[in-house]
Amino acid sequence: MNILILNGPNLNLLGRRQPEIYGPHSFDDFFLGLKAAFPHVHLEYFQSNHEGALLDKLHESGFDADGIVLNAGAFTHTSVALADAVAAIRTPVVEVHISNVHAREPFRHQSYLAASCEGSIVGLGLEGYRLAVEWLVRRGKISEKIEGKED
Ligand code: CA2
């Protein structure tokens, strides 16, 4: 099973700035623990500050990967292009936000992506990524069982 974790702009700063909002851990450190927690899953991590690079990655993985965990950062609230890409691909996408966007400024309450994602996890810190991976793994097993029965 292949799962992509895709992070958008500024998330490369995790662990270095604003720990009161985004926590004290860098994503790289968190990702090491995540890989250890899911040894049978091939987890890939990609971060970019550029909308086009995120689009390219969605197109590249969105027909082959078994799941995508997407934190598009501020593009969540602005990008019709990312929304179109999430709607166009086949791979299920789970939207994650580290902070509780609904408890923050009104412009963060809207997600252009949410409607095309399978679900959203917000406000649970980095734990949200772990829960999203766990769901995608469970989802994959359920689909395998259903496909097996249909054969
Ligand atoms: O809560 C989230 O995960 C967000 O996607 C983070 C975005 C923000 O624009 C969204 O509204 C909610 C911002 C990412 C900035 O990340 C930083 C991390 C550490 C230090 C500074 C910024």
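None of these values were measured; they are calculated from a predicted model. Counting starts at 1 for both ligands and their atoms, in listed order. Both backbone and side-chain heavy atoms feed into the values below; hydrogens, waters and symmetry mates do not.
Scanning the protein heavy atoms around atom 19 (C) of ligand 1, the nearest turns out to be R17 O, 3.3 Å. Scanning the protein for heavy atoms near atom 1 (O) of ligand 1, the closest one is S99 OG, 2.6 Å. The shortest contact between atom 2 (C) of ligand 1 and any protein heavy atom is with I98 N, 3.3 Å. Nearest protein heavy-atom contact of atom 13 (C) of ligand 1 is Y22 OH, 3.4 Å. Nearest protein heavy-atom neighbour of atom 17 (C) of ligand 1: N10 O, 3.5 Å.
Backbone and side-chain nitrogen or oxygen atoms of R108 are examined, and one is located within less than 3.5 angstrom of a nitrogen or oxygen of ligand 1. Ligand 1 has no nitrogen or oxygen under 3.5 angstrom from a nitrogen or oxygen of P9. Residue H77 places at least one N or O, backbone or side chain, under 3.5 Å from an N or O of ligand 1.
Using a 4.0 Å cut-off between charged nitrogen and carboxylate oxygen, E134 and R130 count as a salt-bridge pair. Salt bridge E60/K57: present, at least one basic N to carboxylate O contact under 4.0 Å.
Heavy atoms from both the backbone and the side chain of H97 come within less than 4.0 Å of ligand 1. At a heavy-atom cutoff of 4.0 Å, ligand 1 is contacted by no atom of R16, backbone or side chain. In N71, the part holding a heavy atom less than 4.0 Å from any atom of ligand 1 is the side chain.
Ligand 1 lies nowhere less than 4.0 angstrom from a heavy atom belonging to T76.
Set against the non-hydrogen atoms of Q18, the atoms of ligand 1 under 4.0 Å away are 21 (C), 22 (C). For ligand 1, the atoms sitting less than 4.0 Å from at least one non-hydrogen atom of A74 are 9 (O), numbered in the order shown with element in parentheses. Ligand-side atoms of ligand 1 in range of L14: 18 (C), 19 (C), range being under 4.0 angstrom from any heavy atom.
If you take NE2 on H97 and OG on S120, they are separated by 6.5 Å, rounding to the nearest 0.5 Å. A distance of 7.0 Å separates CD1 of I21 from OG of S99, quoted to the nearest 0.5 Å.
Remark: among candidates V101, N100, N7, the nearest residue to atom 12 (C) of ligand 1 is V101, based on non-hydrogen atoms.
Side-chain contact annotation: Q47 with N49, donor-acceptor N/O pair under 3.5 Å present. Side-chain N/O atoms of S26 and R16 include no donor and acceptor closer than 3.5 Å. One side chain, N7 or Y129, offers a donor N or O that lies under 3.5 Å from an acceptor on the other.
Not counting sequence neighbours, the partners of F31 by the ring pair (Phe, Tyr, Trp, His ring centres under 6.0 Å) test are Y45.
Under the 4.5 Å side-chain heavy-atom criterion for Ile, Leu, Val, Met, Phe, Trp and Tyr, L55 and L11 are members of distinct hydrophobic clusters. Cluster membership check: W135 does not share its hydrophobic cluster with I89, using side-chain heavy-atom separations under 4.5 Å among Ile, Leu, Val, Met, Phe, Trp and Tyr.
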